[in-house]
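All values below were derived from every heavy atom in this structure, side-chain atoms included, with hydrogens, water molecules and symmetry-related copies excluded.
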Amino acid sequence: MPTIPRPDQQIVTFQLPVGGMTCASCSSRVEKALMKVDGVKSATVNLTTEMANVEAGITVSRDMLADAIINTGYTVPTAKPLIQSAVSAKNASQSPSMLVFSEGGKVAIAALLSLPLVIPMLASPFGVEWMLPAWLQLALATPVQFWLGARFYRAGWRAVKAYTGNMDLLVALGTSAAYGLSVFLMLRAAPGDMPHGMPHLYFESAAVVITLVMFGKWLEGRAKRETTAAIRALQVLMPATARIVEANIEREVAIGDIKVGDLMRVRPGERFAADGVLVNGHTHADESLITGESLPVNKTFGDTITGGSVNGDALVDVRVTVIGAESTVQRIVRMVEDAQAKKAPIQRLVDHVSAVFVPVVLVIALATLLGWGLTNGDWSHAVINAVAVLVIACPCALGLATPAAIMVGTGMAAKQGILIKDAPALEAAHNISIVAFDKTGTLTEGKPVLIAVKSFHSSRAEMLALAAAIQSGSEHPLAKAVLRAAGDEQVPFTPAENIRALPGRGASGTVDGAMVLLGSARLMHDEAVQMQPLDERALAYEHAGRTITWLARAGTIVGFFAFGDNVKPTARAAIDALKAMGIRTVLISGDNQSAADKIAQELGIEEVHAGVMPQKKAEVVQQLKINGNVVAMVGDGINDAPALAIADVGIAMSGGTDVAKETAGITLMRSDPALVAGAIDISKRTTAKIRQNLFWAFCYNVIGIPLAVAGLLSPVIAGAAMALSSVSVITNALLLRRK
């Protein structure tokens with residue numbers, strides 16, 4: 001009797017948008033708050049997508065999670081900020097300028113108010129000593145500080161109430177110190193000292209820092225939207241309406257009103273509004289945005305149609321089979337979103353640093369203030385140096401370094417027909433040293449045809465009838481070849497009784513009261529069936545690379561079937577590409593040694609494991625992992641699932657079974673082995689970008705903080721460097737799109 005999980009063992013997944021995050025320490029604190037909710041198993045917060053992904057028991061509700069986020073000082077917006085539904089994504093893509101103009105407008109106002117303050121500072125190196133009147137400096141700086149900079153105070157205050165710190169708190173403290181010091185110096189100065197005897201004020205530091213940070217955040221927001229461009233391109237594929245045919249009458253319906261079983265009529269040049277099967281007409285479909293296949297795909301009666309692809313050259317009718325969240329496009333979007341939400345292992349280092357970053361910076365700033373003030377007594381200069389420390393030490397770049405690169409990498413991979421399910425798979429793939437391939441359906445077409453029927457003393461028709469009786473209802477490629485041949489030759493047969501699948505060996509059943517066996521030589525040996533009369537003839541076919549299936553009735557050999565399967569056109573190029581990358585290739589097949597060797601020789605694969613039972617494939621992969629090898633397994637069948645799971649990186653072909661695709665970390669949307677090298681290349685380049693980003697993010701702080709402590713960095717330069725750090729990290733990630 002199956003065990004029913006207790007309520008506390010059942011897992012529910014939640015996705016919540018998180019507003020108000022500005023740096024890596026923010027996402028780290030939200031994660032900690034969510035993990036404190038009783039019943040939460042895991043929580044991951046992505047700074048770039050501003051999304052929290054939570055796995056929890058069924059006793060946990062969305063409201064409980066939202067309260068935890070809000071109590072930490074952040075918000076839970078009603079909609080996803082970056083990755084939206086298909087309809088909202090389309091609307092956003094049609095009118096993106098409103099939000100950009102709103103943020104850009106504030107930046108422009110801040111710049112106009114700050115420019116008169118900074119001009120004297122820029123002119124002083126050229127011997128021009130000029131300063132605006134103190135009251136005018138105050139008038140210009142105040143709206144920048146308290147109106148345009150109000151966001152920093154609000155977010156900083158929320159952090160203080162939650163006993164935490166973030167970037168906004170650092171900016172608010174730093175600029176407030178510069179502004180407050182300027183007001184103090186202005187009020188302390190004697191009226192007769194103005195304007196020529198006026199001490200130097202620091203209004204420009206406060207105003208320019210806020211302006212630069214706002215400008216950096218505006219650029220960062222634009223760059224973030226670019227990182228999700230690939231996903232938005234998928235989301236807007238589906239048309240808003242479809243043409244449904246009922247009783248020979250066409251009517252237009254909204255895409256949300258389409259039902260499974262509807263007959264959808266699509267004209268040339270239109271997009272298919274849902275997944276389905278072609279039932280009338282002949283056309284070509286452009287699936288490039290879904291599978292990455294640049295050439296239109298021929299579609300005839302019975303072929304699968306993918307929603308979002310473009311109908312090429314004919315009026316066709318399609319019977320709808322899948323709608324909504326389970327459609328191909330939505331499943332792709334969901335898979336890529338999940339990959340972007342999960343953290344790469346390298347992100348753990350960033351999280352540890354971010355957790356203590358802000359408190360450490362506050363301590364360093366206080367030490368800088370006291371050190372300079374007590375050493376030379378110039379507390380004004382001490383305050384400015386402390387402000388520079390607070391401003392330069394923003395952990396934004398650290399928080400964006402990894403997720404920005406992962407978002408661009410997974411998005412670009414999706415455009416090429418490579419779906420990466422999680423960040424660990426993306427990161428692990430760059431270290432792959434061995435790629436193990438299944439044969440049938442992976443390196444070969446997976447559509448074997450019956451080449452020959454050889455019998456001991458039965459006719460071809462009798463053998464086909466017996467084999468078809470055993471294989472009726474089977475989805476195995478060899479079974480389909482037998483049934484296809486029986487149908488073509490109009491051989492009558494009745495499905496066998498007591499049909500039993502024998503994994504890795506074949507099948508058995510009862511025909512006219514006699515036990516019939518159909519399968520490999522291993523099955524015949526196990527059942528003590530003598531095959532000597534046909535051994536030599538079978539061996540000749542095996543040496544030619546054919547797959548042999550034996551047939552026995554009542555313990556006596558009847559004959560054998562020889563099958564041929566063509567190698568995929570891109571298979572040789574795929575193996576050559578991997579070899580050029582220094583990666584070893586291995587063939588793991590359940591087929592006979594001769595057939596496997598023939599394929600391996602044709603493709604240039606040097607290591608072959610043939611006659612491998614399904615449960616043994618995982619053992620072979622495990623053996624390959626010895627000595628620290630990072631192994632990828634490429635397969636498409638149910639029998640490949642254990643090997644895909646145990647491999648460091650499982651890669652499944654889209655034409656394979658759902659079990660294989662669910663088990664694998666990477667799914668290839670085209671059954672093209674050449675995409676394996678493409679997936680590894682994307683992993684290498686994405687991982688390189690992550691490392692580059694982390695290097696520069698750490699460099700900004702490692703170099704900038706000591707300079708600020710030493711008094712060699714003004715708050716204005718610090719603000720510019722801090723803004724540049726975030727923008728440069730995202731811009732560097734976007735360079736992935738160049739190839």
Side-chain angles (χ1 to χ4, degrees), residues 438-441 444-489 491 493 495-496 498-511 514-566 589-599 610-614 637-639:
D438 172 49
K439 181 175 74 71
T440 305
T444 65
E445 296 287 357
K447 297 178 181 178
V449 294
L450 186 59
I451 301 295
V453 179
K454 300 298 179 181
S455 66
F456 187 49
H457 49 60
S458 296
S459 68
R460 178 185 175 92
E462 288 175 337
M463 286 190 61
L464 279 174
L466 284 173
I470 297 297
Q471 300 282 33
S472 59
S474 174
E475 292 298 315
H476 193 282
L478 296 182
K480 290 181 177 180
V482 168
L483 294 169
R484 188 162 52 245
D488 292 343
E489 298 179 29
V491 175
F493 68 90
N498 305 318
I499 295 176
R500 188 161 61 99
L502 306 171
R505 297 188 298 162
S508 66
T510 304
V511 179
M515 173 63 72
V516 176
L517 299 173
L518 181 67
S520 64
R522 181 193 297 271
L523 175 61
M524 299 301 142
H525 286 304
D526 291 346
E527 300 296 331
V529 176
Q530 298 299 317
M531 300 179 295
Q532 286 88 345
L534 296 170
D535 270 351
E536 290 187 7
R537 296 165 71 181
L539 197 59
Y541 280 102
E542 287 184 353
H543 285 161
R546 305 306 183 188
T547 300
I548 303 299
T549 298
W550 295 87
L551 179 68
R553 178 171 53 190
T556 303
I557 197 70
V558 176
F560 67 82
F561 300 90
F563 299 90
D565 190 7
N566 295 324
S589 175
D591 212 339
N592 64 72
Q593 189 72 50
S594 296
D597 286 341
K598 178 75 163 50
I599 294 295
V612 181
M613 300 285 285
I638 293 175
N639 59 343

Heavy-atom side-chain contact between S472 and I499 under 4.5 Å: yes
Non-hydrogen side-chain atoms of T547 and D565 separated by less than 4.5 Å: no
Atom pairs and distances, donor-acceptor, side-chain atoms in residues 452-468, under 3.5 Å, two or more places apart:
| from | atom 1 | to | atom 2 | distance (Å) |
| --- | --- | --- | --- | --- |
| S455 | OG | S458 | O | 2.4 |
| S459 | OG | E462 | N | 3.1 |
| R460 | NE | E489 | OE1 | 3.1 |
| R460 | NE | E489 | OE2 | 3.2 |
| R460 | NH2 | E489 | OE2 | 2.7 |
| E462 | OE1 | S459 | N | 3.1 |

[atom1] of [X] to [atom2] of [Y]: how many Å apart, nearest 0.5 Å?
X: R500; Y: M515; atom1: CZ; atom2: CE; value: 7.0 Å
X: H525; Y: M531; atom1: NE2; atom2: CE; value: 3.5 Å
X: L478; Y: I548; atom1: CG; atom2: CD1; value: 10.5 Å
X: I470; Y: L483; atom1: CD1; atom2: CG; value: 11.5 Å
X: R546; Y: I451; atom1: CZ; atom2: CD1; value: 4.5 Å

What pairs of donor and acceptor atoms, side-chain ones from residues 551-564 against any protein atom, are under 3.5 angstrom apart with sequence neighbours left out?
none

Contact summary for [X] and [Y], nearest pair of heavy atoms:
X: R522; Y: G611; answer: NH2-O, 3.2 Å
X: A538; Y: W550; answer: CB-CZ2, 3.5 Å
X: A481; Y: L450; answer: CB-N, 4.4 Å

Side chain to side chain contact (heavy atoms under 4.5 Å, CB included) partners for Q530, two or more places apart: Q532
